[in-house]
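To start, the structure itself, in structure tokens.
Residue numbers start from 1 in every chain, and the chains themselves are labelled A, B, ... in the order their sequence lines are given, proteins ahead of strands.
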Amino acid sequence: MIDLRTLREDPEAVRASQRARGEDEALVDALLSADERRRSAVAAADTLRAEQKQLGKQVGLARGEERDALLTKGKQLAADVRAAEAAQSAAEDELAKLHVAVPNVVHPDAPAGGEDDYVVLKEVGTPPEFDFEPVDHLDLGVRLGALDIERGAKVSGSRFYFLTGVGAQLQLALLNLAAAQATANGFTLMIPPVLVRPEIMAGTGFLGAHASEVYRLADDDLYLVGTSEVPLAGYHSDEILDLSAGPRRYAGWSSCFRREAGSYGKDTRGIIRVHQFDKVEMFVYCRPEDAEAEHARLLAWEEEMLAKIEVPYRVIDVAGGDLGMSAARKFDCEAWVPTQARYRELTSASNCTTFQARRLSVRYRDENGRPQAAATLNGTLATTRWIVALLENHQQADGSVLVPEALRPFLGVEVLRPV
RNA sequence: GGAGGCGUGGCAGAGCGGCCGAAUGCACCUGUCUUGAAAACAGGAGUCCUUCACGGGACCGGGGGUUCAAAUCCCUCCGCCUCCGCCA
């Protein structure tokens with residue numbers, strides 16, 4: 001949820017944000033007027049309640065005729081209060097409905113526009129030159145005995161796969177490398193639940209426009225998470241955190257589940273886009289004034305990981321229309337995929353400012369001891385998809401794949417060879 | 001799956017339908033005392049909404065009901081705990 005105080009003070013900023021996202025500006029004014037109506041409804045109901053409270057005290061003391069008269073008056077007041085409360089609650093519902101529909105206010109420096117309007121912030125490394133025809137990650141994976149898509153489909157359907165032998169080991173090595181880096185940087189490693197309650201899923205902003213992306217277990221009214229961001233954001237919900245010592249940093253290791261609804265025909269080959277994958281994700285709670293600096297740190301940590309697996313990549317500043325509901329700004333790192341001759345997303349670092357925290361009621365005490373909404377951020381350290389970039393960029397003519405130096409201690413071998 | 005119990009402030013734990021935002025203890029903060037600390041004593045201290053402010057209102061798991069009036073009575077949902085069974 002956006003901050004209504006900020007909205008009242010500077011509605012134009014929110015309108016500008018809606019424009020940057022390519023969304024409806026009128027929503028802003030509808031929200032403003034709903035806010036106004038709610039506040040007057042609250043004031044009216046408060047006044048009546050105060051009156052009723054006073055009267056109630058008198059009834060307790062009165063006797064005889066006086067008491068009867070007061071009771072009659074009380075009945076009338078009770079009806080008035082009931083009506084005023086109904087009006088208040090209607091106004092509150094209407095406000096809430098509009099409130100949750102407004103996405104986070106886009107950072108003023110984020111590019112406006114849609115998916116293709118990103119800005120490239122930098123490119124690191126150069127795409128490898130092969131003196132042979134490079135093979136894609138699926139063929140490589142099959143030859144290495146690392147990947148079995150056919151049986152994945154047999155057992156679970158399309159977009160499912162088995163990581164087999166060295167494939168499974170490779171993923172563990174990647175995730176362990178990520179977990180080790182996170183731990184070394186002061187993150188608390190977490191293995192969270194991957195099924196969450198509706199209010200947690202809603203609080204993270206995934207039940208809005210992206211609701212169809214989320215698996216739901218109807219019988220139990222639980223949702224399968226698409227990222228450990230969800231349980232980690234819920235971890236401190238309804239709490240007042242002590243952030244005086246700095247940000248709280250968590251690294252969540254979990255399986256992630258995505259329905260990939262509406263992506264028919266996209267990335268159908270291999271493990272680029274799948275229903276289930278594993279990920280180590282950084283998640284941070286901090287004071288709002290520290291969020292932007294923390295966002296830069298998350299990006300730096302992602303780049304540190306990419307450097308360790310030695311693949312060329314670029315960093316993009318994602319445009320407003322492609323941000324998702326909760327993010328104010330998002331930096332993606334995209335690795336070079338040789339057989340596609342283009343960059344593909346490997347990491348994503350979002351600054352959600354106070355948007356998620358306000359929904360989930362995560363607060364901290366400011367220097368005056370007042371509770372305030374905290375800021376939350378998240379960023380990727382490693383996922384199953386990284387295997388794609390790793391295999392393709394480090395392949396050799398004989399079908400073997402060189403293991404990057406940093407990964408060797410975790411994998412135990414220097415080269416993966418065809419079986 | 002079956003049986004039972006419980007949900008009150010940071011924690012523990014009281015609470016005849018009106019005088020209960022709520023006793024008491026612990027923890028906490030501020031003073032006094034002390035060279036300093038401890039102890040003792042005095043005081044303070046929840047969250048949310050609303051208001052420029054004074055103030056007003058809401059919150060005793062959630063929702064609904066009874067009543068002039070509900071932490072207290074009724075219904076319902078949710079959560080937690082214990083025991084038995086089953087599974088791993």
Side-chain angles (χ1 to χ4, degrees), chain A residues 1-10 31-100 191-203 207 216-223 231 234-245 248 255 285 288 354-374:
Chain A
M1 295 185 287
I2 65 166
D3 183 10
L4 290 178
R5 263 175 240 283
T6 311
L7 172 71
R8 279 175 224 145
E9 282 163 20
D10 190 3
L31 182 59
L32 267 175
S33 80
D35 176 51
E36 191 58 50
R37 282 198 299 279
R38 178 191 148 270
R39 282 188 294 154
S40 66
V42 165
D46 276 2
T47 307
L48 277 170
R49 265 192 299 258
E51 213 176 308
Q52 186 189 36
K53 241 179 142 171
Q54 277 305 113
L55 187 87
K57 283 187 178 147
Q58 294 172 36
V59 172
L61 302 169
R63 291 286 175 274
E65 276 180 35
E66 192 193 350
R67 184 184 163 93
D68 292 341
L70 287 173
L71 281 180
T72 310
K73 198 177 164 196
K75 272 198 209 292
Q76 180 56 46
L77 251 183
D80 293 347
V81 166
R82 223 189 314 274
E85 284 183 338
Q88 175 182 343
S89 123
E92 279 169 350
D93 288 350
E94 197 193 338
L95 174 68
K97 217 170 122 194
L98 290 165
H99 200 179
V100 298
I191 297 180
V194 294
L195 284 168
V196 299
R197 300 173 193 252
E199 60 269 27
I200 300 296
M201 189 55 87
L207 291 186
R216 171 158 184 261
L217 279 76
D219 285 349
D220 301 283
D221 202 17
L222 288 170
Y223 291 89
Y235 189 67
H236 284 305
S237 58
D238 293 318
E239 293 182 24
I240 298 177
L241 294 175
D242 183 359
L243 294 177
S244 60
R248 298 266 195 126
S255 291
Y285 297 89
T354 57
F355 186 87
Q356 275 183 340
R358 192 165 282 114
R359 288 188 167 202
L360 290 165
S361 185
V362 181
R363 292 170 294 167
Y364 74 103
R365 290 190 191 280
D366 64 18
E367 51 283 359
N368 303 315
R370 306 300 310 164
Q372 302 285 357

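- The same atom, P, is picked in B:U30 and in B:G36; the two are 16 Å apart, to the nearest Å.
- If you take atom C1' in B:A22 and the same atom in B:C16, they sit 15 Å apart, rounded to whole Å.
- Atom C1' of nucleotide B:C49 and atom CZ of A:R49 are separated by 10 Å, given to the nearest angstrom.
- Nucleotide B:U30: paired with B:A42 (Watson-Crick or G-U wobble, both distances less than 3.5 Å).
- Note: NZ (A:K73) to C1' (B:A69) measures 15 Å, nearest angstrom.
- Rounded to the nearest Å, the gap between the P atom of B:C11 and that of B:G61 is 13 Å.
- The nearest whole Å value for the distance from the CG atom in A:L48 to the P atom in B:G57 is 12 Å.
- For the pair A:R39 CZ and B:G57 P, the computed distance is 20 Å after rounding to whole Å.
- Between the CG atom of A:L360 and the C1' atom of B:C48 there is a distance of 17 Å, rounded to whole Å.
- Nucleic acid contact for A:R365: sugar-phosphate only, since backbone atoms but no base atoms lie under 4.0 Å from a heavy atom of the residue.
- Across all strands shown, B:C81 is found opposite B:G4 as a Watson-Crick or G-U wobble partner, with both distances under 3.5 Å.
- A:R359 contributes a side-chain N or O that, together with a main-chain N or O of A:V100, makes up a donor-acceptor pair within less than 3.5 Å.
- Looking at heavy-atom distances under 4.0 Å, A:Q52 makes contact with sugar-phosphate atoms alone, never a base.
- When heavy atoms are screened at a 4.0 angstrom cut-off, A:A78 is found touching the sugar-phosphate backbone but no base atom.
- In this structure, CG of A:D242 is placed 15 Å from P of B:G10, rounded to the nearest angstrom.
- The separation between A:M1 atom CE and B:C49 atom P is 10 Å, rounded to whole Å.
- Nucleotides of RNA chain B nearest to A:T47 and A:A43 differ in position, and the one nearer the 5' end is that of A:A43.
- Rounded to a whole Å, the CD atom of A:E199 is 18 Å from the P atom of B:C77.
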